[in-house]
Number of protein chains: 2
Amino acid sequence: MATIKDVAERAGVSVSTVSIALKRDPRVKESTRQRILEAVQSLGYRPNGIARDLKMQQTQTMAVFLHDLGGPFYSELVSGVQDVALSHGYSPIVACSVGGKGVALERLLVENRVDGAIILDPYIEEDFIRQVAGPTLPLVLLDRDIEGSYVYRVTSDHEGGAFNVTMHLLEMGHRQIAFIGGPSVSVDGQLRFRGFTGAMKHFGVDLEKRFMILGDFTEQSGYAAAQTLLSQSPLPEAIFAGNDEMAIGVLRAFSERSIRVPEDIALVGFDDIRLTQHTTPALTTVHQPMYELGTVATQILFRALAGEETIAPVILETRVVIRASSGSRQ
Amino acid sequence: MATIKDVAERAGVSVSTVSIALKRDPRVKESTRQRILEAVQSLGYRPNGIARDLKMQQTQTMAVFLHDLGGPFYSELVSGVQDVALSHGYSPIVACSVGGKGVALERLLVENRVDGAIILDPYIEEDFIRQVAGPTLPLVLLDRDIEGSYVYRVTSDHEGGAFNVTMHLLEMGHRQIAFIGGPSVSVDGQLRFRGFTGAMKHFGVDLEKRFMILGDFTEQSGYAAAQTLLSQSPLPEAIFAGNDEMAIGVLRAFSERSIRVPEDIALVGFDDIRLTQHTTPALTTVHQPMYELGTVATQILFRALAGEETIAPVILETRVVIRASSGSRQ
DNA sequence: TGAATCTATCGAAACGTTTCGATTATGCGC
DNA sequence: GCGCATAATCGAAACGTTTCGATAGATTCA
């Protein structure tokens, strides 16, 4: 692989001249620049980005860590990130942080191979995040509640959304409402639960313990939760699944047992993933502004990169999307 | 940020000793290693990966380029890549190559910031790919038909899958079959068309020109294609949409006009994205082994990285998944 | 004509590692 | 207490850039 030194020799100039010529510095005469360009051509020279990163002490690269890339709305998030990052001349790269620890985390964050990162993963340990964040590596956390220097936060209004969709169920006449929660580590799951209980209390409805079930945000666990509910009686009048995936699991369990939604039991989810429009019945849910989450997080990252030290956490509004599954209780 | 030099000073040893001590080299005495570890601790030292990459002339990082991260089955692909990459001590990073050119492409491929890459993007220019590939940067292309040194190929059997699903339609009694194709740049789209025509020919059924419509693999374009078909008469008896997204668009158009699937028109797609199980009716389609595509591609990448120069292209089998939408013509 | 200014280019240090060959310290047998 | 093998550590070069200060030559001006 040809280096800048080879180019310099070929063009009969010094390395430094090549370096500045390549960035169209007006200090170098046009004729020599041409000569250098020819040398670049004929040698097939490509600058070594790593050497540049080392010298420059920055990479112009930021990472987005997702717990699993499969998440159905991550693509929108990444779009948001990408749009903002590109306008700053940065390349976002997406990495998977399966299990909260992993090669990528180590390599990109600990060993300083990126200038900053956006993290959406409830499983990455709080200590790790606090340790690794620093003036040369600001971290924007999504849906996490960690305080620390150079750690910034953006989240959607899970509590409000959950409150509103629960109110919707209550207004539709449902009272016995079951809640299927997310994994206990996930702050968003907790906030959704809080919104739920808030609305129930606001309406003066008591919670029934046996209607509170823990899942882990997978379709599988929604299915299991539905089984649990079905094994007891009486059934609740409605179910609030902590996210759409679990709601879909519930739907599957119900369709297997020929339980009609919403006639027999109403159902709502959270997230507004694309699938919710296509299930039978279509799912009432809470829309999260994923694209905006991406743009806002990235903007914050760049403000941090620019030296701003303290930036207040941002909470983005959610919106209830009413579809067929939450039908009224007659 | 503390460097290895700082650690060396603090521990009262030389830089080289620290370097080898940190990788548990038995040449350094346990007691000094402890001293060094303490220094690392107290200084909060983190190795600079970029410096290492420069020295080592490799990054242990590979890129996966996706045209848009939103693609509904990319996550499976990436899982496959990840599983193999991790077992080789590599971190895969995913980047978006919107529009075929972009900062990330430039930064990661041209400037040598990764050791190799897997590319799934019909829009990246052939010349670029051939230029950038080299002994230090093998490239594995998915669903592309580019020959070149250090360029390797993996694809699923689009033609066979299309052939088989078309045969299925024919066997169900459908004869007037419309085809909605993908963008002309996409080889997989072309192969699917070839499989389709092959089956039609095999059955001795003539193609009707007005039933051949071009889309671009988006739901939107499927919707538009359906409109086009609906504006003419008579309608075809069945539609083969070049991918599931477009099939879903067709479904939407039909449901707006109260056209029943499969009673009025049968419909099949391609890809077996998750949504196809949940549409009404569930969609007959062709399953692509995305996870396997990821693992195979990554294995090839590592073989190339290990010095193997020529590796034959691999074609993975697809499988027809029969669901309700392709019902028989009575 | 000589000093001053400008233009075009150069040399060398620096970024933070790794590694090779050299050097010093330690333990051993006699 | 000597030479010798072995263990432990060190110094310096290298990876490929960027940039700062220096230098040489050309141009201007009084």
Side-chain angles (χ1 to χ4, degrees), chain A residues 1-37 39-40 43-61 106-108 110-115 134 136-137, chain B residues 1-37 39-40 43-61 106-108 110-115 134 136-137:
Chain A
M1 183 101 284
T3 73
I4 197 174
K5 206 171 148 195
D6 302 321
V7 174
E9 266 169 36
R10 177 73 147 245
V13 296
S14 78
V15 166
S16 40
T17 305
V18 176
S19 179
I20 58 178
L22 256 23
K23 25 184 105 62
R24 325 193 108 265
D25 189 306
R27 278 178 298 171
V28 17
K29 210 172 15 176
E30 186 52 27
S31 63
T32 42
R33 210 175 77 84
Q34 282 312 324
R35 209 146 26 91
I36 289 171
L37 254 25
V40 165
L43 291 170
Y45 167 73
R46 299 187 332 210
N48 182 322
I50 298 178
R52 171 183 297 152
D53 291 347
L54 177 59
K55 179 62 196 184
M56 302 273 90
Q57 298 283 76
Q58 52 157 321
T59 64
Q60 303 273 103
T61 301
E106 202 63 28
R107 208 157 269 159
L108 298 179
V110 179
E111 300 188 354
N112 282 299
R113 261 174 268 246
V114 293
D115 292 350
T136 57
L137 186 73
Chain B
M1 183 101 286
T3 74
I4 197 174
K5 206 171 150 195
D6 302 321
V7 174
E9 265 169 35
R10 176 72 147 250
V13 296
S14 78
V15 167
S16 40
T17 305
V18 176
S19 179
I20 58 177
L22 255 25
K23 29 182 103 61
R24 324 193 109 268
D25 188 305
R27 278 179 297 172
V28 17
K29 207 167 24 170
E30 187 52 28
S31 63
T32 42
R33 211 175 77 83
Q34 283 312 324
R35 210 147 26 92
I36 289 171
L37 256 25
V40 165
L43 291 170
Y45 166 73
R46 297 185 341 211
N48 182 322
I50 296 178
R52 172 184 296 151
D53 290 347
L54 178 59
K55 177 66 195 178
M56 302 273 93
Q57 298 283 73
Q58 52 158 320
T59 63
Q60 303 273 105
T61 301
E106 201 63 29
R107 208 158 269 160
L108 298 179
V110 180
E111 299 188 355
N112 282 298
R113 260 173 268 244
V114 294
D115 293 350
T136 57
L137 188 72

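These figures come from a predicted structure and were not determined experimentally. Values reported hereafter were calculated over all heavy atoms of this structure, with side chains retained and with hydrogens, waters and symmetry mates removed. Below, chains carry the letters A, B, ... as their sequence lines are ordered, and counting in each starts from 1.
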| Distance-only donor-acceptor test, B:K29 side-chain atoms vs D:dA8 base atoms, 3.5 Å |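 There is none.
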| said: The side chain of A:R52 is closest to which nucleotide in this list: D:dT17, C:dT18, D:dT9? | reply: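 So the nucleotide nearest the side chain must be D:dT17.
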Between [atom2] on [N] and [atom1] on [X], what's the gap in Å once rounded to a whole number?
X      : N      : atom1 : atom2 : result
A:I4   : D:dG16 : CD1   : P     : 11 Å
B:I50  : D:dC15 : CD1   : P     : 19 Å
B:R35  : D:dA8  : CZ    : C1'   : 11 Å
A:N112 : C:dC15 : CG    : P     : 15 Å
A:Y45  : D:dG16 : OH    : P     : 10 Å
A:K55  : C:dC15 : NZ    : P     : 7 Å
B:R27  : C:dA25 : CZ    : C1'   : 16 Å
B:M56  : C:dG16 : CE    : C1'   : 12 Å

Do [X] and [Y] have side-chain heavy atoms sitting under 4.5 Å apart?
X      : Y      : answer
B:V114 : B:L137 : yes
B:K55  : B:R52  : no
B:L37  : B:L22  : yes
B:I36  : B:V13  : yes

| Terminal axes of the helix from C:dT1-D:dA30 to C:dC30-D:dG1 (five pairs each): angle between them, nearest 10 degrees |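 So the angle between the two local helix axes works out to 60°.
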[N] phosphate, OP1 or OP2: any side-chain N/O from [X] under 4.0 angstrom?
X     : N      : answer
B:K5  : C:dC15 : no
B:Q57 : D:dG16 : yes
A:K23 : D:dT18 : yes

Can a salt bridge be assigned to the pair [X] and [Y] using a cut-off of 4.0 Å between side-chain N and carboxylate O?
X      : Y      : answer
B:E111 : A:R46  : no
A:D25  : A:R27  : yes
B:D53  : B:R113 : no

| field | A:S16 versus A:S19, side-chain donor and acceptor atoms under 3.5 Å | value |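 No - no donor-acceptor pair under 3.5 Å links their side chains.
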| task | Quick one: label A:R33 by what it contacts on the DNA or RNA (base, sugar-phosphate, nothing), any heavy atom closer than 4.0 Å. | result |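 Result for A:R33 = nothing.
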| request: Could you grab the distance from atom CG of A:L108 to atom OG1 of B:T61, nearest 0.5 Å is fine? | output: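 Going from CG on A:L108 over to OG1 on B:T61, the span is 6.5 Å.
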| message | Let's see if you get this right: which residues in residues 8-22 of chain B place a heavy atom under 4.0 Å from DNA chain D? | response |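 Listed by number, they are B:G12, B:V13, B:S14, B:S16, B:T17.
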